[in-house]
Amino acid sequence: MIRIPYHRPTIGDAEFEYVRQALVSGRLSGDGAFTKRCQAILESQTGTGRALLTHSGTAALELAALLGELKPGDEVIMPSYTFTSTANAFVLRGAVPVFVDIRPDTLNLDENLIEEAVTSRTRAIVPAHYAGVGCAMDTIVAIAKRHELIVVEDAAQALGSTYRGRSLGTFGQLGIISFHETKTVVCGEGGALLINDPSMAERAEIIREKGTNRSAFFRGMVDRYTWVDVGSSFLPSDILAAVLLGQLESADELTLRRHTLWNRYHTGFEELEAAGLVRRPAIPDVCEHNAHIYWLLLPSVDVRRQVIDQLQAAGIQAVFHYVPLHSSPAGRRFGRYDAPLPVTDDASDRILRLPMWAELGDAVDEVIDRVSAAVRLAVASD
Ligand SMILES: *Cc1c(COP(=O)(O)O)cnc(C)c1O
């Protein structure tokens, strides 16, 4: 029986009250009052020009790929160590993901390997900010400028994180955030597109609204609305936006509590790292993160299996993470990589993510003790 799950969302009274208000209002479809309030908070919090809620982070990525006008055969540089949606959104447009290795300290796209992956067909770079810790955005943006590429930041895990004091998701022309149940701020399924290039804003509204100029119509800018471009339905219901509003209003507190836990883990595993038994995440000086994930690299895939089993037996749920996309069946079919990705393969084998949720509280000490004991035992018997 799991006593301490990997993740559990924290739902406050405001979420219940806002959902009640949304239901009572009778305005249940997209782009109602709650959606507008969420978008305004996201805009002021991140500093993006325009934030549009979507029904998932995946949908925001698909919207970004449409806006970026990716065409069959175009190449998109991205990490292999990421979620499938990072690649799928572009594969749906016929583009080819080109997988590049990650840095060992942050497990983020290695900015020093990007330029050698650029070809005449490269159109975009899609950095993913793993665990809410920023990629080297100054270098990535400079490479993109040099080669006239667009940058779409997969900031799915990074709401509340900054790089050199600026919000993640606001460095590229486009950025995306996820509010999936497992993220830091949640509404079940949800996401947002951050539009940092103002020239893309109008088309983004159209594509998101089934290819119509409905948004402009409601602002009184056109006298009737009609089909003007390709599009789909990327809006969330205002009922979900009501949940999200409650979450966004308590985001600072939720993140603060996660930080306390993250720091307790980090201090708690100092000794184990000094003994050479684990590697802890390293946060670059220029990054402020949102404590989305606390991870450790264990000595081997075997040790990890034993540690997961021992924790499970003690009622603690700890989990590994991505199967690298470059070696997955679909990744091999749709993507490409020009050089081996040893850091990706290694991290994927050895990573362990520990329980992380705002109300975890003092159970964090038990997790630290159990993990430490399990690692020592597994290493001794390996
Ligand atoms: C969660 C996540 C997504 C997808 O977000 P959904 O809201 O679940 O569609 C995309 N990329 C990364 C890196 C993620 O962590």
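Just so you know, residue 1 is the first one in the sequence shown, and it goes up from there. In each ligand, atom 1 is the first atom listed, and ligand 1 is the first ligand listed.
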> Where on E189 is there a heavy atom closer than 4.0 Å to ligand 1, on the side chain, on the backbone, on both, or on neither?
Replying inline: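 Neither; nothing of E189 gets under 4.0 Å from ligand 1.
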
> Can you name the one residue among L109, V152, V76 that meets side-chain contact (heavy atoms from CB on, under 4.5 Å) with I125?
Replying inline: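 The single option meeting the side-chain contact (heavy atoms from CB on, under 4.5 Å) with I125 is L109.
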
>> Can you report which non-hydrogen protein atom sits closest to atom 5 (O) of ligand 1, along with the distance?
In response: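 Ranking protein heavy atoms by distance from atom 5 (O) of ligand 1, first comes S178 OG, 3.3 Å.
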
Under 3.5 Å between some N or O of ligand 1 and some N or O of [X]?
X: S85; value: no
X: Q157; value: yes
X: T58; value: yes

> Would you call G190 a ligand 1 contact, heavy-atom distance under 4.0 Å?
Replying inline: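 Yes, that is the case, since the closest heavy atom of the residue is under 4.0 Å from the ligand.
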
> Heavy-atom contact under 4.0 Å between H129 and ligand 1?
Replying inline: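 Distance cut 4.0 Å: H129 fails for ligand 1.
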
> Any ion pair linking R264 and D365 (charged N to carboxylate O, less than 4.0 Å)?
Replying inline: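 R264 and D365: salt-bridged.
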
>> Less than 4.0 angstrom from a charged side-chain N to a carboxylate O is my criterion; do R20 and E17 meet it?
In response: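 A salt bridge is present here (some side-chain N lies under 4.0 Å from a carboxylate O).
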
> Can you name the closest pair of heavy atoms from A378 and V303 and give their distance?
Replying inline: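 For A378 versus V303, the nearest heavy atoms are CB-CG1, 3.8 Å.
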
>> The test is salt bridge (charged side-chain N to carboxylate O under 4.0 Å, His left out); show your working for R103 and E111 and say whether it passes.
In response: CA-CA 8 Å; R103 293 165 41 145; E111 66 277 11; 3.0 Å; yes

> Does V133 share a hydrophobic cluster with V141, counting links as ILVMFWY side-chain heavy atoms below 4.5 Å and allowing steps through other members?
Replying inline: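 No, V133 and V141 fall in different hydrophobic clusters.
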
Can you sort out which atoms of ligand 1 are near [X], meaning under 4.0 Å from one of its heavy atoms?
X: K183; answer: 1 (C), 2 (C), 14 (C), 15 (O)
X: S56; answer: 7 (O), 9 (O)
X: D154; answer: 10 (C), 11 (N), 12 (C), 13 (C)
X: H180; answer: 7 (O), 8 (O)

>> Over 60° means perpendicular and under 30° means parallel, so tell me whether Y81 and Y130 are parallel, tilted or perpendicular.
In response: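 Perpendicular.
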
> Out of A156, A155, A60, whose heavy atom sits nearest atom 12 (C) of ligand 1?
Replying inline: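 Of the listed residues, A156 has the closest heavy atom.
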
> So, for H289 and W262, is the gap between ring centers shorter than 6.0 Å?
Replying inline: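 So the answer is yes for these two rings.
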
